[in-house]
Amino acid sequence: CLFVCLLKKCVVEMSEERKYLKRQVKTTGIDVHPTESAILVFYEIDASILGEDQEEIVGDVTARQRKIIIPHLSSASKIPALADQIMTKCKYIKDNRRGELEQLLLFLQERNAGKTQAELDQEANKHVDKHMIKEDSRDINATLDSVPRYLDLLYEDGQQRLMGSKYLLQLARNPANAGELVENEGLMRAVARILRDEAKENTELQTNLLTIFYFFSSFSEFHELISTYKIGSTCISIIQHEMKREKVWKSDLQKKRERVKGGKMTEKDLQAHSDKISDLRFMQDQLLYVAFHLLLNLSEQKAIEMKMVKKDIVERLMKMLERKNFEFLCLIVKFLKKLSIYKENKDKMIELDIVPKLTSLLAHTNQGLQFECVRLLKNLSFDKTLRRRMVQVGCVPKLSAMLQEENAPLSFILNILYHISMDKQHKQMFANTDVIPILMQLMLTCTEEFVDFEPVSLAINIAQDEKCAKMLSEGKGLALLLKRALKTRDALLLKLVRTLCIHPFTKEKLLDFIDPLANEVHSSADDADMLLELLGILSTLDIPDFDFEKLVSEYELLPLLKHLLTAGVCDDDLFLEAVIMVGTVLTDPACAPLVADCGIASMLIGMLKDKQEDDEIVLQIIFVWNKLLYYKSTRDVVLSEPQAVSYLLDLMHDQNTEIRKVCNSALDIVAECDMTWANEIRKKNFEFHNSSWIEVVLGHESHELELEQAQGEYYDDYRDGVVDAYDNMYYDEEDDEGGDLLIDGSNQSSAYSDEGDGLWHGD
């Protein structure tokens, strides 16, 4: 900067003198970059201003360096050809340094030997510093007054047409000019027509003209006007054309590689052609970026978005995921995310197998692209098929690794993992990742009063798996979670503890917390959420020889449970948990008289009628009666209530397998203890198992009367081919003669068969 200032000063002070500028470049050395696949060239610029007598007036020496990035340098790279290419492009490396350059390239080649192709691609892409939207040119100074002249230039050929597009693009960049430009109908029609019909052969011209409409599309009020000129359709046509060009380039490049293998073409010529294709591809990326971004802006209107979908926009976007430029990929993923909220588009993404492509992008070095991929995966994770695919392609380990990165989108990642954990077959895989230690860290080090919803919800889901539960509760894990939950009164964290306690190996660890848990039950009498989880945790204490009598007596739990079982006091969830707690307490024979004396059994008779639509509540109430019938000291409490046994009779053939199982177990005890009820039970069983025969016998006479009253209609229907349901009911369809009554008694024992895996199921 000092040199530039002195230079300007000398130019002003010596304007009448003849001056000369002398510039010399001297290469001082070359070396490899310490971490990247690149060569560093060190050089000095010796610049000076000479007067007429060739005397130096002002001079300066500046030391500089240039980094030559060498992407995709692998063991297959040809070092001599690569050295030729570098020396051609970088004039600072003279012929006398060729040997040194080749040695450095060999060193880089060996250093890259352990890297995969994907890692080399990411490293190369990391250095792309070009932007998809062309930057403002300082050499162009456009004015609104000159718009007619710029429009005339568009009708010229070659560079003049290109300059006209640059002038108009310069004006469109300024939002203040948008209104006046859009209202110029002649300009808009001309730009739209040239873009559609004449600009295909010049990618730069096409990009400039399309970018003009892109800037206008940033304003929603201009969308209808843009649609009038069918710019959306033009964008689709441009995308189709460029995709065909891409296929031609790939085919051409493959043919030239085959020529090199056949010795008809040199590696140097192939590299030159490949560089040319790379430049063309970047220009194509710029054009496609503008086209897709413009379509994304226009898709704010649902009707326009539907038209795009009909034009196969999802397939075209999926093809673009093969590109390398992260800025372009960010746009494509963002567009797919917007489309993914509709089932039709989501199904198309399933068909095109989008998950592996997104999973590969999760390892990209650009965090912006990673974030967009995670947001799209979150949308897709609501579908069970896509969740299964995420697991198959190894998405979970990559997401778990991202959790440890700085500024990672934790909420979105945890949401995806939560959705995956909803499927039972996927829960156990979390034990083989770093997810569980990270969850414990997030929950135990959270500085807020309540732990964030996402990590706890995920932990609750995976805690249902035994192996994951062991990892969550190992060491002091369970104790620390429970202490924090009780200290902060965090009901969600207590739900996690409750889920962990369904496993046998965690129950013993709860014994040290019986006192604080029981005390907290009374403290939380007015907090339904806390009380629900606390009772749920205590209900899991089905430990042999546990003294429940001491627990309910010392902490006066039965009066609280009786209060909760009163009609209208609490909602169904808390009512159910109170019934389950009563059933757990009754596993201790000493507690049976206490339960009977406090009147809970009688209360449950009335509540069974009120809650008869809820199978889970019905099941738990019957389980409590079953326990009371089991003990001699309390058996009479149930038998003295005729309604209780009547309800059991009504439920003995319920559709719910578990209800039938517990109900029949209770009725077996009743039948052994009371012969009157035993006869009634046998009668009910007979009526149920022979109900088909009874219905046939009792219904035969009424059926004949109906036939007499509607004889004409009956025979008319029969002649017309209507199937007679009554006749089919009487006879076995497989009996040709149709003379035998079909009485099915083969299922008599089915009501007593042991089905299911326990007396009740957890949530």
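In this chain, residues are counted from 1 in sequence order. Since the model is a prediction, treat every value here as computed from it, not as a measurement.
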Next on the checklist: If you define the side chain from C-beta out and look only at heavy atoms, does anything of Leu399 sit under 4.5 Å from Val396?
Outcome noted: no
Checklist entry - Hey, does the side chain of Asp452 reach the backbone of Glu454 with a donor-acceptor pair shorter than 3.5 angstrom? => result no
Next on the checklist: What I'd like to find out is whether the side chain of Met283 reaches to under 4.5 Å of the side chain of Leu287, using heavy atoms alone.
Outcome noted: no
Item to check | Phe326/Thr365 under side-chain contact (heavy atoms from CB on, under 4.5 Å): CA gap, chis, key distance, verdict | outcome: CA-CA 9 Å; Phe326 71 86; Thr365 55; over 6 Å; no
Checklist entry - Using 30° and 60° as the class limits, which term best fits the ring planes of Phe328 and Tyr289: parallel, tilted or perpendicular? => result tilted
Checklist entry - Is there side-chain contact between Ile236 and Leu295, with heavy atoms separated by less than 4.5 Å? => result yes
Next on the checklist: Would you compute the distance between atom SG of Cys395 and atom CG of Leu362 and round it to the nearest 0.5 angstrom?
Outcome noted: 5.5 Å
Checklist entry - Quick check: are there more than 12 heavy atoms from other residues, nucleotides or ligands sitting under 6.0 Å from CE of Met306? => result no
Checklist entry - Which pair of non-hydrogen atoms, one from Lys509 and one from Gly475, has the smallest distance, and what is that distance? => result NZ-O, 4.1 Å
Item to check | Least distance between heavy atoms, Leu288 atom then Glu242 atom | outcome: CD2-CB, 3.8 Å
Next on the checklist: In terms of relative ring orientation, are Phe382 and His419 parallel, tilted or perpendicular, with 30° and 60° separating the classes?
Outcome noted: tilted
Checklist entry - Is the side chain of Ser217 donor-acceptor paired with the backbone N or O of Tyr214 at a distance under 3.5 Å, no angle test? => result yes
Checklist entry - So which heavy atom on Glu577 is nearest to which on Leu532, and how close? => result CG-O, 3.5 Å
Checklist entry - Can you find a pair of side-chain heavy atoms, one from Asp614 and one from Phe575, that are under 4.5 Å apart? => result no
Item to check | Derivation and outcome, side-chain contact (heavy atoms from CB on, under 4.5 Å), residues Leu541 and Ile543 | outcome: CA-CA 5 Å; Leu541 289 172; Ile543 303 173; 3.9 Å; yes
Next on the checklist: Counting only heavy atoms from other residues, nucleotides and ligands, does the tally under 6.0 Å from NZ of Lys311 exceed 12?
Outcome noted: no
Checklist entry - Under 3.5 Å, is there a donor-acceptor pair between the side chain of Lys338 and the main chain of Ser299? => result yes
Item to check | Salt bridge flag under 4.0 Å for residues Asp423 and Arg388 | outcome: no
Checklist entry - Taking all atoms of both residues into account, what is the closest heavy-atom pair of Ser539 and Thr584, and its distance? => result O-OG1, 3.2 Å
Next on the checklist: Nearest 0.5 Å, please: how far is NZ in Lys378 from OG in Ser340?
Outcome noted: 11.0 Å
Checklist entry - With a 4.5 Å limit on heavy-atom distance, are the side chains of Thr506 and Cys501 in contact? => result yes
Item to check | Closest heavy-atom pair and its distance - Leu496, Met443 | outcome: CD2-SD, 3.7 Å
Item to check | Gln655, CD atom: more than 12 neighbouring heavy atoms under 6.0 Å | outcome: no
Next on the checklist: With a 6.0 Å cut-off (strictly less than), is the heavy-atom count around NZ of Lys357, excluding the residue itself, greater than 12?
Outcome noted: yes
Checklist entry - Below 4.5 Å, heavy atoms only, C-beta onward: do Thr207 and Thr211 meet side chain to side chain? => result yes
Next on the checklist: I'd like to know if the side chain of Asp615 and the backbone of Val618 have a donor-acceptor N/O pair within less than 3.5 Å.
Outcome noted: no
Next on the checklist: Evaluate Leu576 against Gln620 for side-chain contact (heavy atoms from CB on, under 4.5 Å), listing each step before the verdict.
Outcome noted: CA-CA 8 Å; Leu576 174 62; Gln620 299 301 335; 3.6 Å; yes
Item to check | Carboxylate-amine/guanidinium proximity below 4.0 Å for Arg323 and Glu246 | outcome: yes
Next on the checklist: I'd like to check Leu531 versus Leu564 (side-chain heavy atoms, cut-off strictly below 4.5 Å). Are they in contact?
Outcome noted: yes
Checklist outcome for this item: Nearest heavy-atom approach of Ala459 to Leu472 is O-CD1, 3.9 Å
Checklist entry - What distance do Leu331 atom CG and Met320 atom CE have between them, rounded to the nearest 0.5 Å? => result 11.0 Å
Checklist entry - So how far is it from Ile416 CD1 to Arg375 CZ, rounded to the nearest 0.5 Å? => result 11.5 Å
Item to check | Cationic N near anionic O, under 4.0 Å, Lys507 to Asp542 | outcome: yes
Checklist outcome for this item: Here the gap from Arg389 atom CZ to Asp353 atom CG, rounded to the nearest 0.5 Å, amounts to 4.0 Å
Checklist entry - Where the side chain of Asp383 meets the backbone of Leu386, is there a donor-acceptor pair that is under 3.5 Å apart? => result yes
Checklist entry - For the side chain of Gln367 and the backbone of Glu406, is there at least one donor-acceptor N/O pair under 3.5 Å apart? => result yes
Next on the checklist: Taking the side chain as everything from C-beta on, heavy atoms only, tell me whether Lys661 gets closer than 4.5 Å to Thr657.
Outcome noted: no
Checklist entry - Is it true that a side-chain atom of Arg660 and a backbone atom of Asp654 form a donor plus acceptor pair closer than 3.5 Å? => result yes
Item to check | Under 3.5 Å donor-acceptor, Asp529 side chain and Ala491 backbone | outcome: no
Item to check | Atom CD of Gln301: over 12 foreign heavy atoms under 6.0 Å | outcome: yes
Next on the checklist: I need the Leu494 CG to Arg489 CZ distance, nearest 0.5 Å.
Outcome noted: 9.0 Å
Checklist entry - Between Gln284 and Arg281, do the side chains contain an N or O donor and an N or O acceptor separated by less than 3.5 Å? => result no
Checklist outcome for this item: Only one of Asp490, Leu493, Leu492 passes side chain to side chain contact (heavy atoms under 4.5 Å, CB included) with Phe450, and that residue is Asp490
Next on the checklist: Run Cys373 and His364 through side-chain contact (heavy atoms from CB on, under 4.5 Å) and show every step you take.
Outcome noted: CA-CA 10 Å; Cys373 288; His364 201 282; over 6 Å; no
